[in-house]
S.K.: 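Submitted below is the structure of interest, expressed as structure tokens.
In listed order, ligands and their atoms are each counted from 1.
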Amino acid sequence: MSEQRFSSYIAGQWVEGDGSHADENPSDLDVPVGHYGTLDAARAAQAVDAAGAALPAWSLSNPQQRADILDFVGSEILARKAELGRLLAREEGKTLPESIGEAARAGQIFKFFAGEALRIPGEKLASTRPGVDVEITREPVGTVGIIAPWNFPLAIPAWKIAPALAYGNTVVFKPAEIVPGCAWAIAEILSRSGLPEGVFNMVLGSGRVVGQAMVEHPKLDALTFTGSVPTGHALLKQAAARALKVQMEMGGKNPLVVLADADLDTAVECAVNGAFFSTGQRCTASSRLIVENAVYDEFVARAQARLAKVRVGDPLEAGIDIGPVASRQQLDTDLSYIQAGHDDGGELLAGGGRVEGKTKGHYLAPTLFAAKPSDRIAREEIFGPVAAVLRADDYEHALALANDTEFGLCAGICTTSLKHATHFKRHAQAGMVMVNLPTAGVDPHVPFGGRKASSYGPREQGRYAAEFYTTVKTAYTAA
Ligand code: TXE
């Protein structure tokens, strides 16, 4: 397995790329998952050329052909979910059950969009002019660039690639640098799916070189990006300068409000799961726990007791709750925020440092601070197993704290009050709201996305994906 080499895929051909970069296993730094070569800007541009050349035929392809191909891909991912989950667990570090669950999710998404390929809607309206017919149809947006992050290396590519292909677009997919194995696995399945050459391309390499070359290419018609706010905003400016259609999913600093009337067992489970599972590396993670004063001490005591039982370690090992941080760079970021928590005067309630594993890995204890709303750990996206707990006087104060952020991806509340749950669903400034559930954990067939600095452009997933992956045409015919 350590000998495996991951290549790029352009115009139906595997392309080796330059060099031999180690694909690191964050839970065992001595044994890489494989090796990969990176592309230069010229070869990334060739991938966009290939996608552009394949577009005219694919955009007019039979929807049954597209459905069959996506169904094949979904079926194979589902059949191989244990093996693909294992690759994911080794490469990104989430636990094996979470990884297998993500692989299954990726397969289900391909199957959902297999169906959608056959359900592309249109409208026919009466014209305001006599003797004229008006039809509104959806056509593919064109050549779509996909720039993906590392934290869901199977599911996020799936929820971008599947709708792109279902609606008749061609694709250039650039995964994050640290997950070439999962990207290669997806490309390998797509390479055997019956897709005409050039319809799907996958390019390995750095964001600055390969990603930039894609975005600057005149034949790229649309860009979908998930990643950090700074990169997203930089790409947004470039996209605006050339009027490129974009969809951006960026950071989060998601609140979980715990009211005095909450079932505290539910609240603690929601908090621990939402803040720390998947090593806190979810854009939907509950990194701000906002707890009403009346139950604050009890909530903290119960959360500490629960965290003391959480097991950090090798994601392939049974009984492990939290795997390693995905990379050295992310570990350094997490440790710097733990330091910031101390520097800003926070009180450490749990964790606070690295954990020894059986192997050399980026293990970090789930870390909880009592913090002030102005502290950096309570305001900035950390993207690791580090969360802040804040005090709220009452529901109104909790809601105000929940909305006091530049982000707006999701917001959660634990309460038994229908009145407060209903009010929160309406007034939380977020794209997604959860009641008595962790903020992380969403369905694949309904819209995903946020407000404020978290997102830009149309929603992802479900039927709402059509907004980004298609463009509308209005046709008039004299009858
Ligand atoms: O993100 P980047 P990284 C946040 C999180 C994390 C931080 C860094 O805070 O700590 O981002 O993660 C590509 N032109 N999130 O470094 O840099 C890059 O190659 C074109 C939150 O992974 O934004 C990768 O494929 N592309 C987020 C993708 O952009 C460029 C999920 C994301 O990389 C590029 C992931 C460029 N100039 C990270 N520079 C969430 N909330 O879901 C980079 N890329």
S.K.: Who passes ring pair (Phe, Tyr, Trp, His ring centres under 6.0 Å) against Phe407, sequence neighbours left out?
M.R.: none

S.K.: Listed by chain and number, what are the ring pair (Phe, Tyr, Trp, His ring centres under 6.0 Å) partners of Phe383, not counting sequence neighbours?
M.R.: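 If we apply the ring pair (Phe, Tyr, Trp, His ring centres under 6.0 Å) test to Phe383, skipping adjacent residues, the hits are Trp150.
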
S.K.: For the rings on His342 and Phe369, is their centre-to-centre separation under 6.0 Å?
M.R.: yes

S.K.: Write out the protein residues near ligand 1, meaning a non-hydrogen atom under 4.0 Å from one of its atoms, in order of chain and number.
M.R.: Ile147, Ala148, Pro149, Trp150, Asn151, Lys174, Pro175, Ala176, Glu177, Gly207, Gly211, Gln212, Phe225, Thr226, Gly227, Ser228, Thr231, Leu235, Met250, Gly251, Cys283, Gln330, Glu381, Phe383

S.K.: For Thr226 and Glu249, which I'm curious about, is there any donor-acceptor pair between the side chains at under 3.5 Å?
M.R.: no

S.K.: Take atom CZ in Arg208; do more than 12 heavy atoms of anything else shown fall under 6.0 Å from it?
M.R.: no

S.K.: Using the salt bridge (charged side-chain N to carboxylate O under 4.0 Å, His left out) rule, collect all pairs that involve residues 326-339, keeping only residues at least two apart or in two chains.
M.R.: Arg328-Asp332

